[in-house]
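Working notes, beginning with the structure itself.
Each chain gets a letter, A, B and so on, in the order its sequence line appears, and its residues count up from 1.
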Amino acid sequence: MADPIRVRFAPSPTGSLHVGHAHTALFNWLFARHHGGTFILRIEDTDEVRSTEESVSAIYEGLRWLGLDWDEGPDIGGPHAPYIQSERLDVYEEHYRKLLESGRAYYCYCSPEELEERREIMRARGLPPRYDNRCRSLSDAQRAAFEAEGRKPAVRFRMKDHGSTVIRDLIRGDMPYDNSLIGDLIIRKTSGFPTYHFSVVVDDHLMDVTHVIRGEDHISNTVPHLQLMEAFGFEPPRHAHLGLLMGPDRTKLSSRHGATDLAAYRRMGMLPQTMANFLALLGWSTGDDEEILSIGGIVERFDLDRVSKAPSVFDFGKCEFINGQHIRLASLEQLLDIAVPMLAEAGLLEATPSADDRVWVGRVIDLMRDRMRTVGVLTDWGRYFFTDEYEFEERAREKWLRKPETADTLDALAEALEALPDWTVEAIEGAVRNVAEQRGIGGGKAIHPCRAAVTGTTVGPSLFHLLELLPHATVVGRLRLVAEMCRAGAFDEPGPTLGE
RNA sequence: GGGCCCAUAGUCUAGAGGUUAGGACUCCGCUCUUUCAAGGCGGCAGCGCGGGUUCGAUUCCCGCUGGGCCUACCA
């Protein structure tokens with residue numbers, strides 16, 4: 001039997017959790033869960049200037065929200081703790097020493113400025129801007145001279161000069177790479193921190209990672225990683241490089257393309273199951289025609305053999321569509337938990353509504369959910385449920401509210417509805433249709449002006465059902481007020497709100 | 001510049017040496033309904049180009065083109 005699968009998501013905490021990283025995390029997690037393996041979270045905070053605590057929190061929060069739980073990680077520990085690289089410096093020291101002793105690593109005294117300068121010159125000459133390996137064979141005297149200048153050395157790994165390194169990729173097959181193309185790279189910065197290339201290799205090995213699943217932007221990095229592993233005598237993990245996520249202009253997805261933090265999608269009312277579903281479909285497919293899947297359904301079907309090589313464009317429209325589908329499938333409780341804070345934020349609801357109010361909001365959601373694509377639209381499309389301060393859209397004004405007969409129709413509706421003893425859907429529908437009949441007009445001629453008056457718009461859920469959810473007196477009051485506004489010509493100008 | 005990766009409609013994708021190239025989003029039309037922003041039905045639209053291999057390639061190979069990524073004391 002094969003060794004148990006162990007994968008990791010290893011983000012650097014230098015900002016919010018990007019959807020591209022969420023995508024990588026998801027694929028690792030799905031792979032682990034499908035195969036009953038272990039999913040490890042490791043924080044790669046070796047960029048000592050850009051790493052922040054807030055970013056670590058954002059990563060935890062983002063992953064938890066998406067539903068990705070980890071079996072080992074900084075917060076919960078595990079057999080290979082710590083899982084934060086800045087706390088593993090002693091481990092790395094030990095490993096530099098091995099390389100230094102075996103001659104595969106050496107001290108380099110070149111300053112970043114000097115290196116940059118030389119790269120510029122090489123570029124200007126049309127040469128590859130790689131390091132010239134000049135510190136490889138420093139004499140003791142030269143080293144002493146640099147030290148005397150007060151220079152602090154970095155440690156470089158001695159790459160192979162000849163031959164080729166073959167990357168064996170589960171998704172792409174074998175990819176040979178010419179060794180002579182890459183210069184020796186820094187593995188320990190002057191600051192004492194490791195570079196990514198070094199810590200990733202050491203930790204993946206020490207943490208028994210069996211599969212490294214990451215973005216294709218890491219393909220060429222794999223070459224030094226492989227050489228490092230070989231120098232240490234580590235058995236390399238299996239690699240799988242995923243196609244990148246791109247913006248509509250087909251460049252790597254970035255903030256230029258709009259929202260790239262996972263959190264932004266949460267704020268606009270995307271459900272976590274939507275993001276998992278949508279992200280899973282970017283670069284992976286089920287093989288059958290089903291696309292709307294639960295997380296469990298994805299775990300069940302997921303495997304690397306159905307992952308495609310090509311990069312994929314993040315299509316926001318499709319993401320919204322999938323969200324609409326999941327909104328219909330979601331529990332009312334979940335939708336309420338998302339909607340209530342949004343409504344409160346918009347000033348349409350108290351931050352902690354009473355139990356009765358919550359039930360009522362739930363009824364509003366149930367009425368609207370079939371046509372919503374994000375929960376966020378509730379504060380817009382559903383505004384009239386929560387406040388009298390809603391606008392009258394141009395279509396509503398033009399089609400109904402400016403019509404000379406509308407004022408009388410609305411008054412008649414107000415009167416008929418006011419007289420109702422029971423405020424039920426059936427009673428409301430009966431009254432509205434009755435008014436139409438008495439006035440000798442079709443049902444629509446009563447229904448549409450009524451909707452326009454009470455909601456300010458021409459579209460929405462069943463009129464009778466939405467009226468029922470509004471307080472009896474509110475509906476009657478709005479009808480009377482709008483009738484007045486019609487007579488006063490208030491709808492000739494754009495955008496009045498009720499009573500203006 | 002160099003290296004590497006990728007290539008089925010605008011987008012996400014399925015697919016096989018011979019298929020009417022399948023599904024989904026978007027868009028358009030029709031339809032149901034009190035309205036659509038929902039539902040139903042239908043439609044537009046695709047194998048990047050050029051060579052091979054083959055009886056036959058969109059599928060396999062090569063080249064080209066296009067796009068992407070990497071080329072840091074960032075990860």
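Here Asp184(A) does not pair with Arg158(A) in a salt bridge; the nearest charged N to carboxylate O distance is not below 4.0 Å. Using a cut-off of 4.0 Å between Lys/Arg side-chain N and Asp/Glu carboxylate O, Asp161(A) and Arg136(A) are scored as salt-bridged. Ionic pairing of Lys189(A) and Glu48(A) is present here: one or more N-O contacts between side-chain nitrogen and carboxylate oxygen are shorter than 4.0 angstrom. At a threshold of 4.0 Å, the pair Arg238(A)-Asp169(A) does not count as salt-bridged, since none of the basic side-chain nitrogens sits closer than that to a carboxylate oxygen.
Here the nucleotide nearest the side chain of Pro129(A), chosen from A75(B), U71(B), C70(B), is U71(B). Listed nucleotides C74(B), A38(B), G3(B) differ in distance to Arg328(A); the shortest reach to its side chain belongs to A38(B). When the nucleotides C25(B), U34(B), A37(B) are ranked by their closest atom to the side chain of Lys318(A), C25(B) comes out on top. Of the listed nucleotides (C70(B), C6(B), G39(B)), C6(B) has the atom at the smallest distance from the side chain of Ala310(A). Distances were taken from every side-chain heavy atom of Pro112(A) (C-beta onward) to each of U13(B), A75(B), C73(B); the shortest belongs to C73(B).
A distance of about 12 Å separates the P atoms of A9(B) and A14(B), rounded to the whole Å. Annotation: G22(B) and U8(B) have their C1' atoms spaced 11 Å apart (nearest Å). Atom name P, nucleotides G42(B) and C60(B): the rounded distance is 33 Å, in whole Å. Comparing the same atom, P, in A57(B) and in U19(B) gives a spacing of 12 Å after rounding to whole Å. For the C1' atoms, the distance from G52(B) to A45(B) is 31 Å, rounded to whole Å. For C64(B) and G17(B), the P atoms lie 28 Å apart once the distance is rounded to whole Å. Rounded to whole Å, the C1' atom of U26(B) lies 33 Å from the corresponding atom of G18(B). Comparing the same atom, P, in C47(B) and in G10(B) gives a spacing of 9 Å after rounding to whole Å.
Interface remark: the Asn221(A) side chain does form a donor-acceptor pair with the A75(B) base, using a distance-only criterion of under 3.5 Å. One donor-acceptor pair, N or O on each side, does fall under 3.5 Å between the base of G23(B) and the side chain of Glu291(A). Side chain Ser220(A) to base C4(B): no donor-acceptor pair is found below 3.5 Å. Between the side chain of Arg451(A) and the base of U34(B) there is at least one donor-acceptor pair of N/O atoms closer than 3.5 Å. A donor-acceptor contact under 3.5 Å is not formed by the side chain of Arg172(A) with the base of C5(B). Under 3.5 Å, the side chain of Lys309(A) and the base of A7(B) form no donor-acceptor pair of N or O atoms.
The phosphate of A75(B) (OP1 or OP2) has no side-chain N or O of Thr14(A) nearer than 4.0 angstrom. Considering only side-chain N and O atoms, Ser312(A) lies under 4.0 angstrom from the phosphate OP1 or OP2 of U13(B). At U35(B), none of the side-chain N or O atoms of Thr458(A) fall inside 4.0 Å of OP1 or OP2 (strictly under the cut-off). Taking only side-chain nitrogens and oxygens, Arg306(A) comes nearer than 4.0 Å to OP1 or OP2 of G15(B). Applying the 4.0 Å criterion to OP1 and OP2 of G2(B), one finds that Arg123(A) has every side-chain N and O outside that range. For Arg130(A) and G3(B), the shortest distance from a side-chain N or O to OP1 or OP2 is not below 4.0 Å. Using a 4.0 Å cut-off, no side-chain N or O of Arg156(A) falls inside it from OP1 or OP2 of A72(B). In terms of phosphate contacts, Lys189(A) brings a side-chain nitrogen or oxygen within less than 4.0 Å of OP1 or OP2 of C74(B). Dashed line: the shortest gap from a side-chain N or O of Arg250(A) to OP1 or OP2 of G66(B) is not under 4.0 Å. Between Arg373(A) and U26(B) there is a side-chain N or O to OP1 or OP2 distance below 4.0 Å.
Annotation: the span from Tyr390(A) atom OH to Thr457(A) atom OG1 amounts to 11.0 Å, rounded to 0.5 Å.
For Phe321(A) and A37(B), the CZ to P distance is 16 Å, given to the nearest whole Å. Here C70(B) presents its P atom at 14 Å from CD1 of Ile167(A), a figure rounded to the nearest Å. When the C1' atom of A72(B) is taken as reference, atom CZ of Phe157(A) falls 18 Å away, rounded to whole Å. Between the P atom of C5(B) and the CD1 atom of Ile171(A) lies a distance of 14 Å, rounded to the nearest Å. With rounding to whole Å, Ile219(A) atom CD1 is found 16 Å from G68(B) atom P.
G43(B) is paired with C27(B) under the Watson-Crick or G-U wobble criterion, all donor-acceptor distances under 3.5 Å. Both distances falling under 3.5 Å, in either a Watson-Crick or a G-U wobble arrangement, place U65(B) opposite A7(B). Pairing of A16(B), defined by two Watson-Crick or G-U wobble distances under 3.5 Å, is not identified with any nucleotide. U58(B) is unpaired under the criterion used here, namely a Watson-Crick or G-U wobble arrangement in which both key atom distances are under 3.5 Å. Base pairing of G1(B): its partner is U71(B), meeting the Watson-Crick or G-U wobble criterion (both donor-acceptor distances under 3.5 Å).
Among the atoms of the strands shown, none is found under 4.0 Å from any heavy atom of Pro11(A). Within the 4.0 angstrom heavy-atom criterion, base atoms lie near Ile186(A). No engagement by Gly215(A) is indicated, since no non-hydrogen atom pair under 4.0 Å with the nucleic acid exists. Within the nucleic acid shown, Arg119(A) comes within 4.0 Å of sugar-phosphate atoms alone, with no base atom in reach, counting heavy atoms only. Residue-level contact check: Cys319(A) touches neither bases nor backbone, having no heavy atom under 4.0 Å from any strand. Base engagement by His218(A) is indicated by at least one non-hydrogen atom pair under 4.0 Å involving a base atom.
In summary, the side chains of Asp45(A) and Ser51(A) do not present any donor paired with an acceptor at a separation below 3.5 Å, with no hydrogens or angles considered. No donor-acceptor contact under 3.5 angstrom links the side chains of Glu320(A) and Thr374(A), judged on distance only.
Cation-pi geometry between Arg156(A) and Tyr107(A) is not satisfied (NZ or CZ under 6.0 Å from the ring centre, within 45° of the ring normal).
With ring centers used as reference points, Phe198(A) lies under 6.0 Å from Tyr96(A).
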